[in-house]
Amino acid sequence: MNRAASTFAVRVLGAVRRIPAGRISTYGDIARLARNPRAARAVGTIMRLAKEPGLPYHRVVAAGGRIGGYGGSPQLKSSLLAAEGLQIRGRRIINFEQRRWRGR
DNA sequence: CGCCTGACCGAAT
DNA sequence: TATTCGGCCAGGC
């Protein structure tokens, strides 16, 4: 990977780390926070391959409050979010806009 | 360098 | 509400 890409990856993980418990952000939001607004899809790629442990990857959901992917277990993602107080119905987060974190 | 994949997005159907 | 589709971009080979 080239320098621009790795820098982007670092910024992505840095942004993910800042998402407060009980709040969520979207792949698109993270892409914007990492200063590459059209790279929402790449954010998923980076998180999927990320080696950094201890980051709240489960707090990054898809646009519109949909749960989105999470390795082989989107189920677990829902559980983790529910454990942080988020209300979930099916594959959607209730009151997603209110719980959305847009960076400081 | 080309080609394919996919934890995405938004608009259209 | 559910699919489909085109655009997008990093990673892997």
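A note on names: the letters A, B, ... follow the listed sequences, proteins ahead of strands, and every chain is numbered from 1. Computation of the quantities below employed the complete heavy-atom set of this structure, encompassing side-chain atoms and omitting hydrogens, waters and symmetry-equivalent molecules.
Below the 3.5 angstrom threshold, one finds no donor paired with an acceptor across the side chain of Tyr70(A) and the base of dA7(B). A donor-acceptor contact under 3.5 angstrom links the side-chain atoms of Thr45(A) to the base of dG6(B).
Across the protein-nucleic acid pair, Ile30(A) atom CD1 and dC8(C) atom P stand 22 Å apart, rounded to whole Å. Nucleotide dC9(C) holds its C1' atom 14 Å from the CZ atom of Arg11(A), rounded to whole Å. The distance between atom CD1 of Ile24(A) and atom P of dC8(B), rounded to the nearest whole Å, is 15 Å. Separating the NZ atom of Lys51(A) from the C1' atom of dG12(C) is a distance of 12 Å, rounded to the nearest angstrom. If you take CD1 of Ile46(A) and C1' of dT5(B), they are 15 Å apart, rounded to a whole angstrom. Going from atom CD1 of Ile67(A) over to atom C1' of dC9(B) covers 17 Å, rounded to whole Å. The distance from atom NE2 of His58(A) to atom P of dA7(B) is 19 Å, rounded to the nearest whole Å. Atom pair Tyr27(A):OH and dG10(B):P shows a separation of 14 Å (rounding to whole Å applied).
Distances were taken from every side-chain heavy atom of Tyr57(A) (C-beta onward) to each of dG12(C), dC9(B), dA7(B); the shortest belongs to dA7(B). When the nucleotides dG6(B), dC9(B), dA7(B) are ranked by their closest atom to the side chain of Ala62(A), dC9(B) comes out on top. For Ala40(A), whose side chain is taken as the heavy atoms from C-beta onward, the closest listed nucleotide among dC8(B), dG10(B), dC9(C) is dC8(B). Closest approach to the Arg48(A) side chain among dG11(C), dC9(B), dA7(B) is made by dA7(B) (side chain taken as heavy atoms from C-beta onward). Of the candidate nucleotides dG10(B), dA10(C), dC9(C), dC9(C) has the atom nearest to the side chain of Ala39(A).
Just one residue in the list Asp29(A), Val16(A), Val12(A) forms a side-chain contact (heavy atoms from CB on, under 4.5 Å) with Val60(A), and that residue is Val16(A). When each of Lys77(A), Glu52(A), Arg17(A) is tested with Tyr57(A) by the rule side-chain contact (heavy atoms from CB on, under 4.5 Å), just one qualifies, namely Glu52(A).
Nearer the 5' end of DNA chain B, as judged by each residue's closest nucleotide, is the contact made by Gly71(A), out of Gly64(A) and Gly71(A). Ranked by how close their nearest DNA chain C nucleotide is to the 5' end, Arg41(A) and Asn36(A) are led by Arg41(A).
Residues Leu80(A) and Ile24(A) are members of separate hydrophobic clusters, defined by side-chain heavy-atom contacts under 4.5 angstrom among Ile, Leu, Val, Met, Phe, Trp and Tyr.
Inter-residue side-chain proximity for Ile67(A) and Arg92(A) is flagged as unmet; no heavy-atom pair is nearer than 4.5 Å.
Remark: Gln75(A) CD is loosely packed, at most 12 non-hydrogen atoms of other residues, nucleotides or ligands lying under 6.0 Å away.
Contact annotation: Arg38(A) side-chain N/O to dC9(C) OP1/OP2 distance is under 4.0 Å.
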